[in-house]
Structure formats: structure tokens, C-alpha cells
Amino acid sequence: MSEVVSDISNRPLLEISDLKVRFQTRDGLAHVVDLERLSVDEGETFGLAGESGAGKTVVAMSIFRLIPSPPGIISGGRILVRGRDVLSMREEDLRKMRGRKMSMIFQDPMSSLNPVFTVGQQVTRVIRTHERLSAREAEEKAARALEIVKLPDPGGTLRKYPHELSGGMRQRVMIAMGLSCGAELLVADEPTRGLDVTIQAGILKLLNEIKRETGMTVLFIANNLGVLARMCNRVGVMYAGRIVEIGDGADVFRKPAHPYTMALLAALPRAETRSEKLAVTEGFPPDPLRIPPGCAFRPRCPRAAARCEAERPQLLEAGPGRLVACHLAG
Ligand code: SF4
């Protein structure tokens with residue numbers, strides 16, 4: 001059953017265009033992201049899917065200008081948040097924007113939380129970086145944030161160290177930190193990775209509830225397209241640093257248009273199919289040091305034609321609300 005929350009304006013909160021991210025390596029320049037366009041409307045939950053290494057996390061980190069340089073280089077493009085380009089913004093303005101306008105939940109809550117500080121010290125530090133509050137006011141606000149993410153005994157949890165909490169509780173603390181300053185845009189980078197299935201379900205449910213209550217905009221990153229299609233208004237699928245398909249979450253799930261999206265969905269276990277074997281896409285994504293000309297999916301694509309080798313497909317409209325980068329789409 002769909003869990004999508006829809007209260008979306010048609011005003012874009014996040015707009016990315018022609019984003020190019022490279023990493024300098026000993027063997028040459030790795031072309032990690034070449035993203036033509038992506039826009040997320042105010043109030044929308046947008047899911048970004050794709051295999052590990054597709055460039056999803058690099059996109060998320062670019063939004064916050066957190067790509068380590070060197071070796072990373074954002075060599076082109078624009079990332080507008082509420083119309084302001086974070087890539088050309090002064091460092092001081094960007095710092096104010098992080099936390100107050102946009103915040104991020106990272107993949108691994110254990111390495112994102114500092115083991116030598118209590119939860120309270122860490123959450124209040126985030127709050128006091130962005131708001132002029134006394135220590136007591138910040139602590140009250142931190143306790144409220146822990147309450148929102150349904151952590152039992154918020155006062156007691158604030159006094160604990162990260163190692164005293166379970167993985168699911170640590171991730172809830174990370175979500176509380178993300179929400180504590182009322183950010184409009186939340187980027188959740190595989191927030192359930194490494195958690196067991198029941199905890200994952202709890203975190204996803206929580207994110208949906210918070211979204212329903214606050215109306216914030218969410219960019220949700222995950223490997224599992226099935227989860228995203230259920231949670232998100234729209235989804236985008238990345239392959240080898242590019243977006244290959246964008247569309248309504250349920251529509252893409254029902255009727256994928258790009259052969260890579262089809263392959264991702266065919267590899268998902270489904271309760272209704274009793275087949276013991278899951279479809280596996282042969283081959284590997286291309287080496288970012290040697291992205292082939294033409295379509296990067298061609299060596300793995302069962303539909304590849306001569307044109308696919310010579311010409312790179314652009315991300316074009318292939319139906320209402322659907323964008324697809326494939327010569328055969330539409
Ligand atoms: Fe396959 Fe060609 Fe489409 Fe690429 S452009 S996905 S190779 S059919």
C-alpha cells in the first residue's frame with residue numbers, strides 16, 4: 001500500500017542543473033557525477049535510487065558543498081536552494097544555510113555521532129550554532145526534538161553517549177539533529193542502511209509521520225527502488241553518475257521505461273512471485289575513469305542498438321511527468 005504523503009506546491013525548493021563532479025585519482029580524473037537536471041518541489045518527497053557507486057551520495061554531498069577538495073572537484077553546474085546557488089555562495093552564508101534551511105541525515109549514525117560527547121552535547125551544539133539560545137533553552141529544544149522522533153525518556157537519552165544507544169535509536173538522534181533547527185529541506189542518505197528490517201520500517205514510518213506534520217521537503221536516497229516508490233511522490237534513478245529516469249513513484253514502479261530501471265525492479269524480491277531466482281543484470285557499472293561513449297548502460301543492456309554506442313541519450317520527456325535517457329524511450 002502506498003504511504004506517500006502529498007501536499008506539494010509547484011514551487012521548486014531544490015534545482016540542480018548540469019552538475020559535474022570529478023575526483024582526481026592516481027590513474028586520472030574520475031567522472032563521478034554528470035547530472036543534467038533534477039528538481040524537487042516544496043513539500044515533495046523525492047527518491048533517488050541506483051546501485052552503490054552510482055553517484056547518489058556525491059549528489060547529496062554536493063548540495064551541502066561537502067565534497068572534499070582535493071581530490072573532489074565540482075567542475076560545473078548549479079545547485080539552487082530556494083533560488084540561491086549554493087555552489088557560488090560565500091562560506092559564511094552556506095554555514096547559515098546548513099541546518100537552518102537544509103540538513104542531512106548520513107548513512108552511518110555511529111560514525112556521524114561523536115563517541116566522546118553525549119547526545120545532549122551534540123544536539124544542543126547544532127541548535128546553538130544556528131540559534132541564540134541559552135544552554136537551558138537549547139537543552140529543552142533538544143529534548144523536544146528527541147520527543148518528535150519518538151525516543152523514550154528524552155531527558156535521559158540526552159545524557160547518554162552514542163554507544164549506549166541501539167542503531168535505530170542513534171539514527172533517530174541523527175534525524176532529531178536534522179530537524180532541530182526547522183530545516184525546510186531534509187536530505188536523507190540511506191538512513192536505514194545497516195539497520196535490521198523491523199527497525200528500518202520504524203525509521204521510514206517515522207520519517208513519513210514527521211513529513212506529514214512539518215510539511216518539509218525530503219530528498220530520500222536509497223538502493224531499494226521498491227521502498228522509494230512506496231514512500232516518495234517522485235523517484236529518479238541514477239546510473240554511472242547520470243539520472244536515467246524520473247517519474248511518479250507509483251508509475252515508475254508499475255511501468256518502468258528505462259532498461260536499467262526495469263532491471264532494478266526485476267531484481268527486487270516480491271511476495272507475489274514465487275520464483276526462487278531473482279533476475280540479475282549481468283556485468284558491472286562502468287569505471288568512472290573510463291566512461292564509454294554513447295550510453296553508459298549499453299554493455300549491460302538487452303535492447304542495445306548501434307545508435308546506443310555512438311550517441312549519448314539525453315534525459316528527455318517520454319510521457320506525462322516522465323523523463324527518460326534512452327534512445328528507445330517514448
Ligand atoms: Fe539500452 Fe540503448 Fe537505451 Fe542505453 S540507449 S538503455 S543501450 S536501449
Side-chain angles (χ1 to χ4, degrees), residues 16-23 28-39 46-59 75-77 221-229 232 234-270 273 275 277-330:
I16 304 179
S17 55
D18 297 320
L19 178 67
K20 295 185 190 339
V21 188
R22 313 286 182 247
F23 280 82
L29 201 59
H31 292 231
V32 178
V33 166
D34 264 298
L35 197 152
E36 288 166 62
R37 55 181 153 144
L38 169 64
S39 111
F46 189 99
L48 200 53
E51 288 165 293
S52 296
K56 309 181 298 293
T57 296
V58 175
V59 170
S75 61
I221 295 172
N223 285 331
N224 190 327
L225 184 54
V227 169
L228 290 182
C232 301
R234 288 188 305 143
V235 293
V237 178
M238 280 191 84
Y239 185 76
R242 295 188 70 205
I243 296 232
V244 295
E245 180 159 6
I246 291 180
D248 174 90
D251 287 351
V252 169
F253 192 72
R254 263 196 310 268
K255 214 166 174 233
H258 192 283
Y260 176 61
T261 316
M262 293 174 197
L264 274 185
L265 288 172
L268 282 181
R270 297 180 194 226
T273 55
S275 159
K277 267 187 157 179
L278 295 174
V280 174
T281 311
E282 298 296 333
F284 298 96
D287 180 346
L289 289 166
R290 292 169 202 85
I291 300 276
C295 175
F297 189 57
R298 182 185 53 78
R300 303 170 78 186
C301 181
R303 302 176 174 204
R307 184 182 175 196
C308 308
E309 190 171 353
E311 207 181 308
R312 197 181 203 199
Q314 301 302 306
L315 189 63
L316 300 173
E317 203 160 331
R322 187 76 67 98
L323 295 170
V324 182
C326 171
H327 293 310
L328 303 187

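These figures come from a predicted structure and were not determined experimentally. Both counts, for ligands and for their atoms, begin at 1 and track the order of listing.
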A.B. asks: What is the closest protein heavy atom to atom 4 (Fe) of ligand 1, and at what distance does it sit?
C.D. replies: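 The closest one turns out to be C295 SG, 2.4 Å.
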A.B. asks: Using a cut-off of strictly less than 2.8 Å, determine whether C308 has an N/O/S atom near atom 2 (Fe) of ligand 1.
C.D. replies: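 Yes, since at least one N, O or S atom of C308 sits under 2.8 Å from atom 2 (Fe) of ligand 1.
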A.B. asks: Heavy-atom count around Q314 CD within 6.0 Å, excluding the residue itself: above 12?
C.D. replies: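 Yes - once you tally the heavy atoms of other residues, nucleotides and ligands closer than 6.0 Å, there are more than 12.
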A.B. asks: Can you tell me if H258 has a non-hydrogen atom under 4.0 Å from ligand 1?
C.D. replies: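 Under 4.0 Å: yes for H258.
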A.B. asks: Run the salt-bridge test on E36 and R312 with the 4.0 Å N-O cut-off and return the result as yes or no.
C.D. replies: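 Answer for the salt bridge query: no.
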A.B. asks: I'd like to check which ligand 1 atoms, numbered from 1 as shown, lie under 4.0 Å from a non-hydrogen atom of H327.
C.D. replies: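 Those qualifying, in numeric order: 3 (Fe), 5 (S).
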A.B. asks: Return the closest protein heavy atom for atom 1 (Fe) of ligand 1 as residue, atom name and distance.
C.D. replies: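 Ranking protein heavy atoms by distance from atom 1 (Fe) of ligand 1, first comes C301 SG, 2.3 Å.
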A.B. asks: Which of the numbered atoms in ligand 1 are under 4.0 angstrom from any heavy atom belonging to C326?
C.D. replies: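 Taking each heavy atom of C326 in turn, ligand 1 has 3 (Fe), 5 (S), 6 (S), 8 (S) under 4.0 Å.
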A.B. asks: Would you indicate whether the side-chain heavy atoms of F46 and I246 approach each other to under 4.5 Å?
C.D. replies: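 Yes, their side chains come closer than 4.5 Å.
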A.B. asks: Which ligand 1 atoms does L328 reach within 4.0 Å, using its non-hydrogen atoms?
C.D. replies: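 The list of qualifying atoms is 8 (S).
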A.B. asks: Ion pair present between K20 and D34, side-chain N to carboxylate O less than 4.0 angstrom?
C.D. replies: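 Answer for the salt bridge query: yes.
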A.B. asks: Please work out which of the three classes, parallel, tilted or perpendicular, describes the rings of F297 and Y239, given edges at 30° and 60°.
C.D. replies: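 Y239 and F297: perpendicular rings.
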A.B. asks: Within the distance-only criterion (no hydrogens, no angle test), does the side chain of R300 pair as donor or acceptor with the backbone N or O of Y260 below 3.5 angstrom?
C.D. replies: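 Looks like no, no N/O pair under 3.5 Å.
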